[in-house]
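Here's the structure we're looking at; comments come further down.
Bear in mind the structure is a predicted one, so any value in this text is a computation, not a measurement. A, B, ... follow the sequence lines: proteins, then strands. Residue 1 opens every chain.
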There are 2 protein chains.
Amino acid sequence: MAATTPVRERTRHEIVRHAMRLFQDRGHNATSLQDIASAAGCSKATVLYHFAGKPAVLAAVLEPAGADLAVLNAAADGMSRTEAQEFAIREFTDLAVRYRGVIDILQDVLPVIDEVPEIAQVVADGIKLTELLAASDDRLEQGLAKFAINGLLGECRHSGERTDDELRNLCDIALRRLLKPA
Amino acid sequence: MAATTPVRERTRHEIVRHAMRLFQDRGHNATSLQDIASAAGCSKATVLYHFAGKPAVLAAVLEPAGADLAVLNAAADGMSRTEAQEFAIREFTDLAVRYRGVIDILQDVLPVIDEVPEIAQVVADGIKLTELLAASDDRLEQGLAKFAINGLLGECRHSGERTDDELRNLCDIALRRLLKPA
DNA sequence: GTCTATACGAAGATAGAC
DNA sequence: GTCTATCTTCGTATAGAC
């Protein structure tokens, strides 16, 4: 975090950077520690010096997006249901665009998410987000909110197909149609 | 297909049946051939006698749902855009409910779908379905249709959470809000 | 901090007996 | 058709030198 180049953290950072790209391009499961090490220009052993294992690498990749999601949730505290919903629609769309690559990965690892306790908070925050988006405890509305999240997550796949602006516009319209129908 | 019990096919059928359940419960990747064999009450070698490999088992699991999707697409041929859209909304909802377990699996394997050429047709039919649902070649409408499919696929996860009727109702409402807003 | 070398286990797949 | 035994490959992780 210092202004001086933190040499100690450079390798670690390179590992996370390349792991993210590989997870995105080939999928999490299809990426081995050897793949990550080669891409980062170091050895497998070095990767395992910096991270406890592959799950820890994954956690590091997801961490920034998870942190921003937590911020989103915290910021909605104290708002009215209606305010919070509007806020969540706007901010979640924004979050999706900013982290579209990471979200692509997130989908890929959903089936094994419980093997990575480091990111349990992300799952919890995802559920919290459902409640914000629903703006009601009605079972149907909650289901629609979940539907909306899944739809939005799905759109983040295949980054090449859409520009950021197209994605933002699409998600905004879809969320509003689903959650605030005329 | 004969009315008489086809003894020759019984093991094969058991394998598919248990593979489906395991893929659903633990995820495709977390399920080994050994797991499938044990559940089906036979050996790994027997599984590989009936199927060329794990991808072939997966293909057999997905095949019935894929076949019905192809039927859906074929039936829409010759309809007007508007007719086809209404038809697709109704039939796709129905398909999702009938095959909710299989759809759960489908999501899980999307990242490795291209390793299974046997089910390339399912992917092609999924794209065709997007076009039916969109009812327009507009880029935004196509995006919303894809959003809708992703949302619906996501709802099929965690079968225990919702009854079939709840799922049907939710999907119907969501698709109409997204694709035919008032 | 980073490397090479290696241990260990699991998974997919094959060979050959029955 | 089904089995046991075996092969090979690969991924995770550790040991120990530099």
Side-chain angles (χ1 to χ4, degrees), chain A residues 1-2 4-23 25-61 105 108-109 111-119, chain B residues 2 4-20 22-23 25-61 105 108-109 111-119:
Chain A
M1 297 298 182
T4 55
T5 317
V7 183
R8 300 176 43 188
E9 296 291 303
R10 228 192 57 224
T11 303
R12 185 188 170 96
H13 184 261
E14 278 298 282
I15 291 168
V16 174
R17 204 169 66 83
H18 284 99
M20 186 180 312
R21 192 177 47 74
L22 288 169
F23 288 166
D25 292 351
R26 321 181 182 176
H28 169 259
N29 197 284
T31 304
S32 71
L33 289 181
Q34 183 61 64
D35 294 333
I36 297 169
S38 300
C42 68
S43 74
K44 248 192 312 184
T46 298
V47 175
L48 289 166
Y49 168 78
H50 287 283
F51 299 93
K54 200 181 171 187
V57 178
L58 175 61
V61 168
I105 297 169
D108 195 18
V109 300
V112 295
I113 206 89
D114 37 309
E115 293 167 26
V116 192
E118 293 99 323
I119 52 178
Chain B
T4 56
T5 317
V7 183
R8 299 178 41 189
E9 296 292 301
R10 227 192 59 224
T11 303
R12 185 189 169 96
H13 185 261
E14 277 299 280
I15 291 168
V16 174
R17 203 169 67 82
H18 284 99
M20 187 180 310
L22 288 169
F23 288 166
D25 292 350
R26 322 182 182 176
H28 170 259
N29 198 284
T31 303
S32 70
L33 289 181
Q34 182 62 62
D35 295 332
I36 297 170
S38 301
C42 68
S43 73
K44 243 194 314 184
T46 297
V47 175
L48 289 165
Y49 167 80
H50 288 283
F51 300 93
K54 200 180 170 186
V57 178
L58 175 61
V61 167
I105 297 169
D108 195 18
V109 300
V112 294
I113 206 88
D114 38 307
E115 293 168 25
V116 193
E118 293 99 321
I119 51 177

Which of Val16(A), Asp108(A), Val109(A) passes side-chain contact (heavy atoms from CB on, under 4.5 Å) with Leu58(A)? It is Val109(A)
Looking at [X], does any N or O in its side chain come under 4.0 Å of the phosphate oxygens OP1/OP2 on [N]?
X	N	result
Thr46(A)	dG1(C)	no
Thr11(A)	dT2(C)	yes
Tyr49(B)	dG1(D)	yes

Backbone of Thr31(B) reached by a side-chain donor or acceptor of Lys54(B) within 3.5 Å
yes
- Is it true that a side-chain atom of His13(A) and a backbone atom of Glu9(A) form a donor plus acceptor pair closer than 3.5 Å? no
Atom pairs and distances, side-chain donor-acceptor, residues 36-43 of chain A, under 3.5 Å, sequence neighbours left out:
residue  : atom : partner  : partner atom : Å
Ser38(A) : OG   : Gln34(A) : O            : 2.9
Ser38(A) : OG   : Gln34(A) : NE2          : 3.1
Ser43(A) : OG   : Ala45(A) : N            : 3.4
Ser43(A) : OG   : Thr46(A) : N            : 3.3
Ser43(A) : OG   : Thr46(A) : OG1          : 3.2

Value for CG (Leu22(A)) from CZ (Arg17(A)), rounded to nearest 0.5 Å, stands at 10.5 Å
Interatomic distance, CD1@Ile15(A) vs CE@Met20(A), rounded to 0.5 Å, equals 13.0 Å
Find the distance [X]:[atom1] to [N]:[atom2] and express it as a whole number of Å.
X	N	atom1	atom2	result
Arg12(A)	dT2(C)	CZ	P	12 Å
Leu58(B)	dG12(C)	CG	C1'	15 Å
His13(B)	dG1(D)	NE2	P	16 Å
Glu14(B)	dG1(D)	CD	C1'	15 Å

Out of dC3(D), dG1(D), dC3(C), minimum distance to the side chain of Cys42(B) belongs to dC3(D)
Whether each nucleotide of nucleotides 7-18 of chain D has a protein heavy atom under 4.0 Å at its base (B), only at its sugar-phosphate (S) or at neither (-) is summarised, 5' to 3', as ----SBBBB---
